[in-house]
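Whatever order the structure lists ligands and atoms in, that order sets their numbers, starting from 1. Here the structure is a predicted model, which means the values were calculated and not measured.
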Amino acid sequence: MKDDGALVLFSGGQDSATCLAWALDRFGHVETLGFDYGQRHRVELDCREAFRTAITAMNPDWAARLGPDHTLRLDALAAISDTALTSDAAIRMGTDGLPNTFVPGRNLLFLTFAAALAYRRGLKHIVGGMCETDYSGYPDCRDDTIKALQVALNLGMERRFVLDTPLMWLTKGDTWRLAESLGGTPLVRAVVEHTHTCYLGDRSHRHPWGFGCGTCPACDLRAKGWQDFVAERL
Ligand code: ZN
């Protein structure tokens, strides 16, 4: 098992793209993993290769460290859940206080599949963009959930995986600042141009913070984070 090997859960969104840069800055060998689970904003998967290309072009060390990309189909997730992320339903708040974009157990499944792949690839670190600070109330993004899962995976697979969540305590503004500290303006530009956040999959409207409908909860969070990031330089 490579101690300096990492597998990054890379969806093509802002958070996971920043996690990829974070991992390339730290580990000697980094592979990426994306999931096709029938998500409505499937366009995010198309952003993945563009971002990987952009990030390797800006830093030769990162280019040398970036290994293969993997994608796994998880059709079962859409089949067993009825949410606004996997259907055309309108995004709204449920009576349980959770938005109906919550796909039950999504991150638990993602991390379990990631660990199975990391096991085969001999990678010790599994990096994910889960965040408790600005999160939309998803219980599987909580620090305690991730720590509990790390214990379960290590017991169940007889390995010493480390689940790294560098964004766990950052605000969305901090995530832009982290990208800038890792790769300067070129990385911030690559995140703006080549990552996708909008739940509706809109890539026809361009804002200072990137593409999106501009009104869904994901666009709203991304836009607010960007405003926080640029406000301090005005
Ligand atoms: Zn949107």
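- The set of protein atoms (N, O or S) found at less than 2.8 Å from the Zn ion (ligand 1) reads C198 SG, C213 SG, C216 SG, C219 SG, by chain and number.
- Not counting sequence neighbours, the partners of F110 by the ring pair (Phe, Tyr, Trp, His ring centres under 6.0 Å) test are F35, Y37.
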Q. Stepwise, does the salt bridge (charged side-chain N to carboxylate O under 4.0 Å, His left out) test hold for E180 with R177?
A. CA-CA 5 Å; E180 187 178 46; R177 282 185 274 276; over 6 Å; no

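- Distance OG/S11 to CG/L33: 10.5 Å, rounded to 0.5 Å.
- With 3.5 Å as the limit, one finds no donor-acceptor pair spanning the side chains of T18 and D15.
- Scanning for side chain to side chain contact (heavy atoms under 4.5 Å, CB included) contacts around D220 gives K224, with sequence neighbours left out.
- Applying the 4.5 Å side-chain rule to ILVMFWY residues, one finds V151 in the same cluster as L155.
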